[in-house]
Structures are given as C-alpha cells and as structure tokens.
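What follows is a short report on a single structure.
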Amino acid sequence: MMRLVFLLSQLLLLAACGRPDPGTVSGTVSTPEPAVDASVALEQVFDEYFEASLELDPVRATSIGDDRYNDRLAIRISVDHREKSLALEQRYLERLLAIDRAALDEQEQLSYDIFRLQREWNIEGAAFPSHLQPINQFYSFTNSFVRLGSGRGLHPFETVDDYEDWLGRVDDFVVYVDTAIDNMREGAAAGIVQPRVLMQKVVPQLESQVVDSAAESGFYAPVENMPANFSEADRERLTAEFTGAIEKKILPAYARILNFVSDDYMAAARDTVGLFALPNGREWYEYLVRVRTTTDLTPEEIHQIGLNEVERIHAEMRQVMEEVGFDGTLDEFFEFAATDPQFFYATPAELIEGYRDMAAEVAEANKALFEVFPKTAYEIRPVEQFREQSASRGSYQAGTPDGSRKGVFYANTYNVGTRTKWNMKSLFLHEAIPGHHYQIMLQRENEDLPRFRRFGRFTAYSEGWGLYAESLGKELGMYEDPMDYFGALSDELWRAIRLVTDTGIHAKGWTRQEVLDYMQANSAASETRRVQEAERFMAIPGQALAYKIGQLKIREIRDNAEARLGDAFDVRAFHTEILKDGPMPLSMLEEKLDRWVASQL
C-alpha cells in the first residue's frame, strides 16, 4: 500500500509539473537506472535475507539477543512454514547469482561462496521428509521448550514484557505439538518413522512434564523467581495467567503427545536403526554426510578413515600404558581405566567443582597459544535432570554478543560413578575454552562479518575446532598426567569410532548391538556412554562425522603452514586466522589459510 501511494504521488507530481515521461515521447530514449554497485547489492542480499530468516526462526533471534520475536515460536514442521522457508532460499539464491562475483573483493567473494552453498544445500535438503520425524530422544522440541521456559534458558524473564511474550510462545507450542502428532501419523502411513528404541527414551522425557498442577511444573519457575520490582498487580495477574497457561495448555499438550507416542506411534515405530531402511534413505544419508562434513567424501571412504584412525590411536594408547607401567593388554587397560575407583568422583557436586577448579588454569595457559579472547564470559552448569539420561557428556550454549547472557558449558553428572576424571580436561578444552566458547563468541562478537556469518554454523568447522582444541592439551600443559593424555586419546578415539559406527548404522546396515559391540571392543567407554552415543548417532545421522573430519583438516592446514613458514610460523596468529572469520566449509578454510601463508612469505 505504501509503495502504491508513493507511485501515485510521483505520477501526480509529474502531471502538475507538466513534464512528459521521456520513455513515452517519440524520438527520446529512457534514462537507464544507475548500475548498482556489486558490493552494495551483496550487502543488501545478506541483510535482507538475515532479517527475513529471523522472522521465520524466532528462537534463533532470541539466541542472539534480538527480542523482536520473543512472543512466538516457528512451527518449522508445518506446510506453511516449510513452503515459506523454501521460497526464501530460492529467492535469495536467484538474487545472489545476479551479482557479478568478479567485481567483489576477496572477503566479499568468500561471503558470496558461503551464502551460495548454504542456499543450495537448504534447497536440496527440503526434498527429504525430516518434518515427518519431528521428535527423538536427542533433539526434541518438547525438551527444548522446557529449557526455553525454565527461566534458565534462552528466553529472558526480566521484565513484564518478557513474561507476556512467553505466553505467546505457549500458544505456538500447542500448535507445534498438534502439528507434530499429525506429521507423525503421516510418517507412519508412509513408513517414515523413528527407531522404536529411540522413542522408548522419549516416553520418560515426556512423562516428566505431565504433572498434577502448575506449581509442580518446571514452567512455574519464572513465577517463583519473578523479579522483585514487579508491581503487586502485575505479579498477581502474571501468576494467574502462567498458572492457567500451564494447566490448560502446556500440560494437556504434553499429555496428548505422550499418549500418542506411547500408544499409536510406538506400535508403528521400526526395529531398524539406520537411515538406509527408510524410503530414499541412502540418498538422504549421503546428503547429510556432505552437509555435515562439507566434503565430497563418501560414507565408504569415511568408514575406512575411521578404521585407520582407530588403529593409529590404539598404538598411542599402548605407549601410555608403558609410561604408567601397566602390565596387560589394551582391553585390560580399558577395563582398569573404566572401573578403578580412583578415577571417579563420589557426587555430582564434586564433578562440577572439578570442572570449575580447572577453568582458571586453562585460561592462563591459553595465553601462550592465543592472542584474541572473547569478551563474553561463560559459566559451568550440570545438565538438567529431565534430559540428563539422554544427553551427551557435555555441551555448550552460546552467550549473546553484548554479554547480557553468558555462554554455558553443560556437564552431565548423571550416573556420576561412570564419569571418569581422566577425560574431563579434554572435554573442557572442547566445550569451553579454547573450544566452542572461543570459537563461537569470537565469531559472534565480530561485527565486521555479515550477520549470516556472525551467527552461522558449519558443523565440520565448529566440531573440528572443538576436537582440535582437545589436541592442544599437551602444548597447554594440561596433559602432564599420562592418564589425562589417555583421556584425550580416548576422546579422539571415540570420534574415530564415530566415523566407523555412524556410517555402519546408516550406510552398512549395522544393528544397534553390532555398534555397541564394536564400541566395547575398541574403547574404554562405559556402558552408559556407549548406549547414549550409539543412540545419538541413530537420532542425528551424519552429525558425528563432523568432529574427526574437521579436526583432521584443521591439523593438516596447520602442518602445512608450519612446513611452509618454518621459524616464522606464529601459532597465536594462526589461531586468530582460523577463528576470526567464523565457520565455513573446510575447502574454503583451507584456501583462506593458503592465502594467509602466502602473505607471510
């Protein structure tokens, strides 16, 4: 309407001034529009795409500190949302391709290439029916909604507006639940369903949210922790509205999906565990492998890389056995490391305190290898009880670039008697510093990057960096105890095992038991961890491949830089160069570092 009003006003102005339209007068030529500078056009494409994408993904907006859409959730699995998302990808790919790449500078060309690849992948991925499998034990909107509404997650509960915004998200959550149920029914009819063993883990997660009253629900915590500066009238009103929303909307929604999963869906769930068993599953997995690793490696090639790495790491572990004077086989050493009481804390609180004790030591040691540090702080928390049985050993949640919300390193304390001390340092280096906290917050704090890159992600780069960060432990002096180094090797071994087992599950038809047997034969991991990890690979095909493939490439890039630069190689400058431009496909990272090395010669 505003554009129509503007055009009408221009026509009236031309008529009033008596100026003819040169394009309609015989013998005259229309004045062409001035050419738009390629850099300006590129910036417009990036900015407009990012703005449109935030509106389609409100929780992502919340995660980066943008509160404009805090009153809504995206129903990402709905027909309407999927159509809008695909149209967005197609529209902005077309606009990008209309820009002359050759007219851009080096950094703009890098952004152009990253943006193009992401749009192409998203368009290709829209053909695979992930919306028909909207829930599993590892990535679940029902779990993430609890975290979002707990008062300790991404959604802020600091102002009256924050509280009122949350009530809007509750309404969208109810729609999401009912859409998920409809989609799962459609998936069951088409034979596109989750493995039964995964859905059996979903049931207790859902049951934990079906309580008798609002006060018993985790969603009531913001009421109990309402800021003291709220007026009495607001406190009474919000308490009543939250109570009503929990008891009349949230609890019934959880009960509906619990009943559906427990009865109808469980009966339709499959006994197979690999993506290969689904319609078009092999092509789906090959797509995920390309996207997760940002390479053209086939599942078969990755499987063999994994086997080779397992053999190499086993050899290094045997050297550790000699160093500590252990007399026995590698399997016996695995058993010793996994069961000896000296390697465990007695309580969850002691485990968390162990991580907090090492934080200052690692921060000081990092100064020898890094020259740029994020401004945003981070904290250490235990994984919440409602998801600890299915969660991994540790994870990282990014903070906001303005520092208003800290980053969080989550450590899993479930079944603390299986959480070994000797791999705590490597996990900390990966998830906290210099791993994901450095990598993600330096990226988010870099205002020179287009926003789609400041807040973007490539799994192979990000998880490759995390595993590479673990490998820095010796240089940082963190692995002086041979058992700590064994822990790092054990974690690296685990990522190599992931290459074997993820491809085994989804491309080679391995059963769950075959995966568990391979893990037991080749690692010191406890049964708890083996089960959690095996079922994680089943739930998110291909994601586990990113770690080792990314780490191997980053290490290769560093080795190449050291060989070419010799004594002129500066590891602190190298790490700055790896991190400063944020995540990108591995091939683009290699090309960028090749240019950097050449500039140092």
Side-chain angles (χ1 to χ4, degrees), residues 53-63 67-86 88 125-126 128-151 153-155 162-188 192-194 198-199 201-203 205-211 214 217-220 222 241-242 244-265 268 384 386-387 390 539-540:
S53 69
L54 287 184
E55 189 169 2
L56 282 174
D57 194 350
V59 174
R60 185 185 182 209
T62 302
S63 75
D67 63 2
R68 289 176 295 168
Y69 311 109
N70 279 9
D71 62 341
R72 66 191 82 166
L73 295 175
I75 317 301
R76 302 173 63 90
I77 58 175
S78 69
V79 172
D80 179 65
H81 191 279
R82 289 185 292 109
E83 289 178 348
K84 287 180 179 178
S85 296
L86 179 58
L88 182 74
F128 299 107
S130 58
H131 62 286
L132 300 183
Q133 296 179 300
I135 186 171
N136 59 54
Q137 89 295 354
F138 197 82
Y139 280 144
S140 161
F141 70 93
T142 48
N143 281 352
S144 61
F145 191 65
V146 180
R147 295 178 66 187
L148 196 66
S150 67
L154 296 175
H155 188 98
D162 291 338
Y163 277 72
E164 291 175 343
D165 284 343
W166 175 251
L167 295 171
R169 283 186 155 160
V170 169
D171 290 335
D172 285 344
F173 174 71
V174 173
V175 177
Y176 202 121
V177 166
D178 292 334
T179 304
I181 292 172
D182 290 341
N183 284 8
M184 286 190 281
R185 283 200 177 100
E186 181 183 345
I192 301 172
V193 291
Q194 294 282 18
L198 303 189
M199 299 309 293
K201 297 294 177 66
V202 171
V203 170
Q205 293 175 349
L206 296 173
E207 286 176 336
S208 70
Q209 302 308 316
V210 181
V211 294
S217 170
F219 292 101
Y220 200 71
E241 289 177 352
F242 267 61
I246 293 169
E247 294 184 347
K248 296 177 182 178
K249 298 177 181 179
I250 295 177
L251 297 183
Y254 275 101
R256 281 198 302 280
I257 194 166
L258 170 61
N259 291 336
F260 171 75
V261 168
S262 300
D263 298 331
D264 298 9
Y265 197 77
E384 305 94 337
F386 74 86
R387 65 184 184 97
S390 298
I540 45 175

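Everything numeric in this text was worked out from a predicted model, so none of it was measured. All values below were derived from every heavy atom in this structure, side-chain atoms included, with hydrogens, water molecules and symmetry-related copies excluded.
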Any residue meeting salt bridge (charged side-chain N to carboxylate O under 4.0 Å, His left out) with Asp264, in chain and number order, not counting sequence neighbours:
none
Heavy-atom nearest pair, Pro252 first then Ile246, reads CD-O, 4.0 Å
If a pair satisfies salt bridge (Lys or Arg N to Asp or Glu O under 4.0 Å) and one of its residues is in residues 244-253, list it, with sequence neighbours excluded.
Asp171-Lys249
Measure the CG-CD distance between Leu88 and Glu55 for me, rounded to the nearest 0.5 Å.
10.5 Å
Correct closest heavy-atom pair for Phe145 and Ile250 would be CE2-CD1, 4.3 Å
Applying ring-ring contact (aromatic ring centres under 6.0 Å, His included) to His155 and not counting sequence neighbours gives Phe157, Trp166
Donor-acceptor check, side chain of Tyr163 to backbone of Pro222, threshold 3.5 angstrom: yes or no?
yes
Separation between CG of Leu54 and CZ of Arg60, rounded to the nearest 0.5 Å
6.0 Å
Report yes if the side chains of Phe219 and Val170 come closer than 4.5 Å at any heavy-atom pair, otherwise no.
no
At what distance, to the nearest 0.5 angstrom, does CG of Leu251 lie from CZ of Arg256?
11.0 Å
Test side-chain contact (heavy atoms from CB on, under 4.5 Å) on Asp165 and Tyr69 and set out the steps.
CA-CA 8 Å; Asp165 284 343; Tyr69 311 109; over 6 Å; no
Quick one: salt bridge (charged side-chain N to carboxylate O under 4.0 Å, His left out) partners of Glu186, sequence neighbours excluded?
none
Rounding to 0.5 Å, atoms OG (Ser78) and CG (Asp182) come to a distance of 11.0 Å
What residue pairs, at least two apart or across chains, pass salt bridge (Lys or Arg N to Asp or Glu O under 4.0 Å) with a residue in residues 139-148?
Arg147-Glu384
Can you list everything that forms a ring-ring contact (aromatic ring centres under 6.0 Å, His included) with Phe128? Sequence neighbours excluded, please.
Trp284, Tyr287
Pair Val146, Tyr254 - check side-chain contact (heavy atoms from CB on, under 4.5 Å), show working.
CA-CA 11 Å; Val146 180; Tyr254 275 101; 3.3 Å; yes
Quick one: salt bridge (charged side-chain N to carboxylate O under 4.0 Å, His left out) partners of Lys84, sequence neighbours excluded?
Asp80
Applying side-chain hydrogen bond (donor to acceptor under 3.5 Å, both in side chains) to Arg68 and not counting sequence neighbours gives Glu51, Asp66
Considering residues at least two apart in sequence or located in another chain, which fulfil the side-chain hydrogen bond (donor to acceptor under 3.5 Å, both in side chains) criterion with Asp57?
Arg76
Sorted by chain and number, sequence neighbours left out, salt bridge (charged side-chain N to carboxylate O under 4.0 Å, His left out) with Arg169 holds for none
CE-CZ distance between Met184 and Phe260, expressed to the nearest 0.5 angstrom:
5.0 Å
What pairs of donor and acceptor atoms, side-chain ones from residues 133-140 against any protein atom, are under 3.5 angstrom apart with sequence neighbours left out?
unit_1 : atom_1 : unit_2 : atom_2 : d
Gln133 : NE2    : Val193 : O      : 2.9
Asn136 : OD1    : Phe138 : N      : 2.8
Asn136 : OD1    : Tyr139 : N      : 2.7
Asn136 : ND2    : Ala539 : O      : 3.4
Gln137 : NE2    : Glu535 : O      : 3.0
Ser140 : OG     : Thr142 : N      : 3.2
Ser140 : OG     : Thr142 : OG1    : 2.4
Ser140 : OG     : Asn143 : N      : 3.3

Looking only at heavy atoms, what is the nearest atom pair of His81 and Ile75, with distance?
CB-O, 3.1 Å
Got a sec, which residues hit ring-ring contact (aromatic ring centres under 6.0 Å, His included) with Phe141, two or more places apart in sequence or on another chain?
Tyr176
Please find the pair of heavy atoms, one from Val203 and one from Leu258, that lie closest to each other, and give the distance.
O-CD1, 3.9 Å
Does the side chain of Leu198 come within less than 4.5 Å of Val202's, by heavy atoms?
no
If you take all heavy atoms of Leu154 and Ser63, which pair is closest and at what distance?
CD1-CB, 3.9 Å
Nearest heavy-atom approach of Tyr220 to Ala214 is CB-O, 3.1 Å
How about His131 and Thr179: do any of their side-chain heavy atoms sit closer than 4.5 Å?
no
Rounded distance [0.5 Å steps], CG in Leu56 versus CZ in Arg82:
13.5 Å
How about Leu73 and Leu148: do any of their side-chain heavy atoms sit closer than 4.5 Å?
yes
